[in-house]
Amino acid sequence: MKAAIKVIVAKPGLDGHDRGAKIVSRALRDAGMEVIYMGLHNLPEQIVECALQEDADVIGLSILSGAHNNIVSRIFKILQEKKMEKIAVVIGGIIPDDDIPYLLDLGVKGVFTPGTNMNKIVDVIRQSVEL
């Protein structure tokens with residue numbers, strides 16, 4: 001039997017709105033994934049360290065602040081420095097359409113904006129993880 005996909009869900013930066021992150025966390029758990037919700041106000045370094053300590057398969061970021069390009073590029077830089085490139089990264093939140101190609105070029109496996117069907121998020125995560 002395969003181990004459950006382990007997902008770290010984090011709210012980086014100063015954004016204090018986490019309802020969406022909690023809803024997605026629950027949907028992932030209901031889909032059989034192990035979810036660790038880090039809560040609010042995390043630094044990229046803290047998020048990657050949590051992923052390392054928990055042996056996570058996926059980092060899911062919820063960003064509503066508009067700082068997504070800077071935060072995600074920093075996360076990927078830290079993952080590379082720690083030789084943790086195997087971890088899939090997905091992002092949800094208020095992401096302008098013009099920024100999505102940049103995020104995908106960085107290596108983000110899925111960008112989910114408000115109204116995305118939860119099954120799509122689950123499917124993208126499952127397809128992104130090699131168990």
Side-chain angles (χ1 to χ4, degrees):
M1 188 166 145
K2 291 183 181 180
I5 294 171
K6 190 178 284 191
V7 183
I8 302 296
V9 175
K11 292 286 298 178
L14 298 176
D15 177 21
H17 301 282
D18 65 347
R19 182 170 182 240
K22 289 178 178 177
I23 290 169
V24 171
S25 293
R26 183 173 185 146
L28 297 178
R29 188 200 70 207
D30 289 349
M33 297 181 197
E34 182 178 343
V35 178
I36 298 157
Y37 177 60
M38 290 184 65
L40 299 169
H41 311 301
N42 296 285
L43 296 171
E45 292 80 4
Q46 292 170 312
I47 295 166
V48 173
E49 184 61 26
C50 181
L52 174 66
Q53 294 299 318
E54 295 293 341
D55 194 25
D57 301 300
V58 179
I59 294 173
L61 302 169
S62 173
I63 305 175
L64 303 173
S65 66
H68 47 273
N69 288 342
N70 290 333
I71 290 169
V72 173
S73 64
R74 180 72 183 134
I75 296 251
F76 274 104
K77 183 176 184 211
I78 299 166
L79 287 172
Q80 183 179 35
E81 288 170 358
K82 294 187 176 275
K83 306 216 182 310
M84 296 170 58
E85 296 97 333
K86 185 178 175 185
I87 295 177
V89 177
V90 296
I91 180 172
I94 307 299
I95 313 295
D97 290 341
D98 290 346
D99 291 345
I100 293 173
Y102 172 75
L103 294 167
L104 296 174
D105 285 345
L106 283 175
V108 172
K109 301 296 184 186
V111 178
F112 310 109
T113 56
T116 299
N117 183 293
M118 292 298 153
N119 291 327
K120 180 179 180 185
I121 298 170
V122 169
D123 290 344
V124 168
I125 288 174
R126 284 186 176 146
Q127 291 167 8
S128 299
V129 175
E130 297 175 19
L131 291 178

Self-check item: Selection residues 40-52 - residue pairs positive for side chain to side chain donor-acceptor pair (under 3.5 Å), sequence neighbours left out
Solution: Glu45-Arg74, Glu49-Gln53
Examine [X] and [Y] and state if one hydrophobic cluster contains both, with Ile, Leu, Val, Met, Phe, Trp and Tyr joined whenever side-chain heavy atoms are less than 4.5 Å apart.
X	Y	answer
Ile8	Val48	yes
Met38	Ile71	yes
Ile87	Val9	no
Leu40	Ile47	no
Leu43	Ile75	no

Exercise. Using the salt bridge (Lys or Arg N to Asp or Glu O under 4.0 Å) rule, collect all pairs that involve residues 7-16, keeping only residues at least two apart or in two chains.
Key: Lys11-Asp15
Mind checking what makes salt bridge (Lys or Arg N to Asp or Glu O under 4.0 Å) contact with [X], not counting sequence neighbours?
X	value
Lys120	none
Glu85	none
Arg26	Asp30

Self-check item: Spacing of CD1 belonging to Ile78 relative to CG belonging to Leu52, to within rounding of 0.5 Å
Solution: 12.0 Å
Quiz prompt | Spacing of CG belonging to Leu64 relative to CG belonging to Leu14, to within rounding of 0.5 Å | solution = 12.5 Å
Exercise. Over all heavy atoms of both residues, which pair between Ser128 and Val124 is shortest? Give the atoms and the distance, please.
Key: OG-O, 2.7 Å
With a 4.5 Å cut-off on side-chain heavy atoms, are [Y] and [X] touching?
X	Y	answer
Met33	Asp57	no
Leu61	Pro12	yes
Leu79	Ile59	yes

Output a table of donor-acceptor pairs, distance under 3.5 Å, between side-chain atoms of residues 94-116 and any protein atom two or more places apart or on a different chain; print 'none' if there are none.
from   : atom 1 : to     : atom 2 : distance (Å)
Asp99  : OD2    : His68  : NE2    : 2.7
Thr116 : OG1    : Thr113 : N      : 3.2
Thr116 : OG1    : Thr113 : O      : 2.6

Quiz item: With sequence neighbours left out, what residues match Val58 under side chain to side chain contact (heavy atoms under 4.5 Å, CB included)?
Solution: Ile5, Val7, Ala88, Val90, Ile125, Val129
Self-check item: All side chain to side chain contact (heavy atoms under 4.5 Å, CB included) counterparts of Ala27, not counting sequence neighbours
Solution: Met118
